[in-house]
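A short write-up of the structure that comes next.
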Amino acid sequence: MATSRARQPIERNIAMELVRVTEAAAMASARHMGKGDKELVDQAAVDAMRYTLDGVSMSGVVVIGEGEKDEAPMLYIGEEIGDGSDPKVDIAVDPIDGTTLLSKGLPGAIATVALSARGTMNCPRELFYMNKIAVGPEAKDVINVNASVEENLKNIAKAMKRDVGELTVAVLDRSRHQNLLLEIRDAGARVKLISDGDIAAGIQASLPGTGVDVLLGIGGTPEAVLTAAAIRCIGGAIQCIGWPRDDDERKAAVAAGVDLTKVYNTMDLVGGEDVFFAATGASTGDLLKGVEFFGGGATTQSLVMRSRSGTTRWIDAVHNFSRLAKVRFKD
């Protein structure tokens with residue numbers, strides 16, 4: 001009975017409240033852009049995100065967060081968030097996807113949060129990385145993370161009515177991807193290397209007109225869930241399979257009951273009918289403009305999505321700090 005109640009439709013568009021969360025995280029962290037301190041960037045985003053999330057009317061549990069309770073002072077896995085009222089939800093957060101980017105003053109850092117009905121988010125947390133492939137709606141039925149790169153790209157190109165040479169594939173610029181890059185280039189596709197931030201790249205692969213058609217390669221497991229939440233709202237598909245970094249991680253995962261051959265699809269990572277996603281740019285990148293400060297305020301750009309309606313909103317906001325302070329500290 002409890003499960004059926006938890007899966008009841010969420011009538012309220014919580015995404016419009018979540019955008020306040022990502023805006024706060026982006027603005028707080030952007031104050032430390034280029035200072036060379038990743039921890040400072042991350043803590044500022046976490047503090048702002050947690051404070052704002054606690055004001056949302058919901059009973060939330062952090063499923064994807066900053067680590068276990070003893071490893072992270074805030075937004076740890078299992079932490080209860082919100083005012084305790086309905087709906088009961090799972091929450092995934094990445095206060096800043098691209099902390100290194102923002103700490104170095106580089107483009108493409110974003111604040112992200114996703115929410116779905118309680119019990120619908122899932123990932124093998126024992127594994128730090130997963131091998132991923134993500135595409136938009138046109139090619140959602142033709143991908144196979146276990147197939148060769150050449151086969152996937154040929155099938156994607158056919159589904160999109162293009163030549164393989166007209167596809168652009170986003171790949172994290174890591175030494176582990178040397179062979180992957182050779183396979184993509186041998187297949188004839190174009191490559192867009194990204195230094196960090198594969199959530200943004202996965203979203204770009206799902207949206208039309210972004211200049212990215214496919215995300216391929218090995219990236220963070222938590223990021224896979226956040227990407228899947230966005231894809232649930234946009235359409236498209238993501239497939240992932242666990243990628244242990246070494247024998248110790250492999251053995252630990254197997255001992256914990258993780259099936260290393262399991263392919264996680266979009267619905268495996270984030271199920272249910274009610275999924276909400278918000279992202280705000282911290283530093284200007286290809287997906288979102290970053291925070292720009294002016295005397296007494298700042299501007300932000302956000303992406304806000306809801307799965308039930310399939311609505312995608314781009315929100316440009318102007319924030320007045322003196323008025324925000326009165327609202328924040330009115331109690």
Side-chain angles (χ1 to χ4, degrees), residues 6 14-15 18-19 21-22 25-26 29 42-43 45-50 52-54 56 58-82 87-99 109-132 134 196-203 215 218-233 238-243 249 253 256 258 262 264-272 274-280 303 305 307:
I14 304 178
L18 294 183
V19 73
V21 175
T22 55
S29 60
D42 191 50
Q43 192 62 60
V46 168
D47 290 346
M49 184 169 277
R50 188 185 191 284
T52 315
L53 273 171
D54 257 343
V56 178
M58 64 181 178
S59 176
V61 174
V62 176
V63 176
I64 305 296
E66 291 289 281
E68 302 298 333
K69 183 175 182 178
D70 293 338
E71 299 171 1
M74 296 180 182
L75 294 175
Y76 57 84
I77 294 168
E79 182 174 0
E80 296 181 0
I81 291 289
K88 295 178 174 61
V89 296
D90 286 346
I91 300 170
V93 300
D94 193 338
I96 291 294
D97 182 36
T99 52
I110 62 173
T112 63
V113 62
L115 182 152
S116 63
R118 180 71 56 82
T120 56
M121 286 186 180
N122 175 52
C123 73
R125 291 201 297 262
E126 295 80 5
L127 296 170
F128 194 80
Y129 288 126
M130 301 187 86
N131 190 22
K132 311 172 187 178
D196 284 286
D198 68 347
I199 296 176
I203 295 171
L215 170 71
I218 298 155
T221 297
E223 289 82 357
V225 176
L226 282 149
T227 303
I231 288 174
R232 284 294 317 280
C233 299
I238 183 171
Q239 289 184 9
C240 309
I241 190 166
W243 191 82
E249 187 171 276
V258 176
K262 177 178 172 59
Y264 292 80
N265 62 32
T266 318
M267 288 292 290
D268 291 327
L269 294 168
V270 184
D274 292 295
V275 183
F276 306 87
F277 179 89
T280 300
L303 180 59
M305 299 181 281
S307 65

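Under a 4.0 Å N-O distance rule, the pair Glu223/Lys132 does not qualify as a salt bridge.
Between Glu249 and Glu126, the shortest heavy-atom distance links the atoms CG-O, 3.8 Å. Minimum interatomic distance between Gly197 and Asp97 (heavy atoms only, all atoms of both residues): CA-OD2, 3.3 Å. Across all non-hydrogen atoms, the minimal contact from Ala224 to Cys240 is CB-SG, 3.9 Å. Closest of all the heavy-atom pairs between Met130 and Tyr264 is CE-CD1, 3.5 Å. The minimum heavy-atom distance linking Thr22 with Ala279 is given by the pair OG1-C, 4.0 Å. Closest approach of Val275 to Ser116, counting heavy atoms only: CG2-CB, 4.2 Å.
Counting only distance, with no hydrogens or angles, the side chain of Asp90 and the backbone of Thr120 share a donor-acceptor pair below 3.5 Å. A donor-acceptor contact shorter than 3.5 Å is absent between the side chain of Asp198 and the backbone of Ala201. Judged by distance alone, the side chain of Thr266 and the main-chain N or O of Ile238 form a donor-acceptor pair under 3.5 Å.
Side-chain atoms of Val61 and Lys88, non-hydrogen and from C-beta on, never get closer than 4.5 Å to each other. Side-chain contact between Thr221 and Pro124 is present, with heavy atoms from C-beta onward closer than 4.5 Å. Side-chain contact between Ile91 and Met121 is absent, with no heavy-atom pair separated by less than 4.5 Å. Side-chain contact between Asp274 and Phe276 is present, with at least one heavy-atom pair separated by less than 4.5 Å. Looking only at side-chain heavy atoms (C-beta outward), Arg232 and Met267 come within less than 4.5 Å of each other. At a threshold of 4.5 Å between non-hydrogen side-chain atoms, the residues Leu115 and Pro87 do not count as touching. Using a 4.5 Å cut-off on side-chain heavy atoms (C-beta onward), Phe277 and Thr112 make contact. In this structure the side chain of Asp54 reaches within 4.5 angstrom of the side chain of Ile81, judged on heavy atoms.
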**OP:** Just do the side chain to side chain contact (heavy atoms under 4.5 Å, CB included) check on Thr52 and Leu18 with the steps written out, would you?
**Re:** CA-CA 9 Å; Thr52 315; Leu18 294 183; over 6 Å; no
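In this structure, CG in Leu215 is found 7.0 Å from OG1 in Thr227, a value given to the nearest 0.5 Å. The OG1 atom of Thr280 sits 8.0 Å away from atom CE of Met49, with the distance rounded to the nearest 0.5 Å. Separating the CG atom in Leu127 from the CD1 atom in Ile241 is a distance of 10.5 Å, to the nearest 0.5 Å. In this structure, the separation between CG on Asp94 and OG1 on Thr99 is 8.0 Å, given to the nearest 0.5 Å. Taken from CD1 in Ile64 to CG in Leu75, the straight-line distance is 12.5 Å, to the nearest 0.5 Å.
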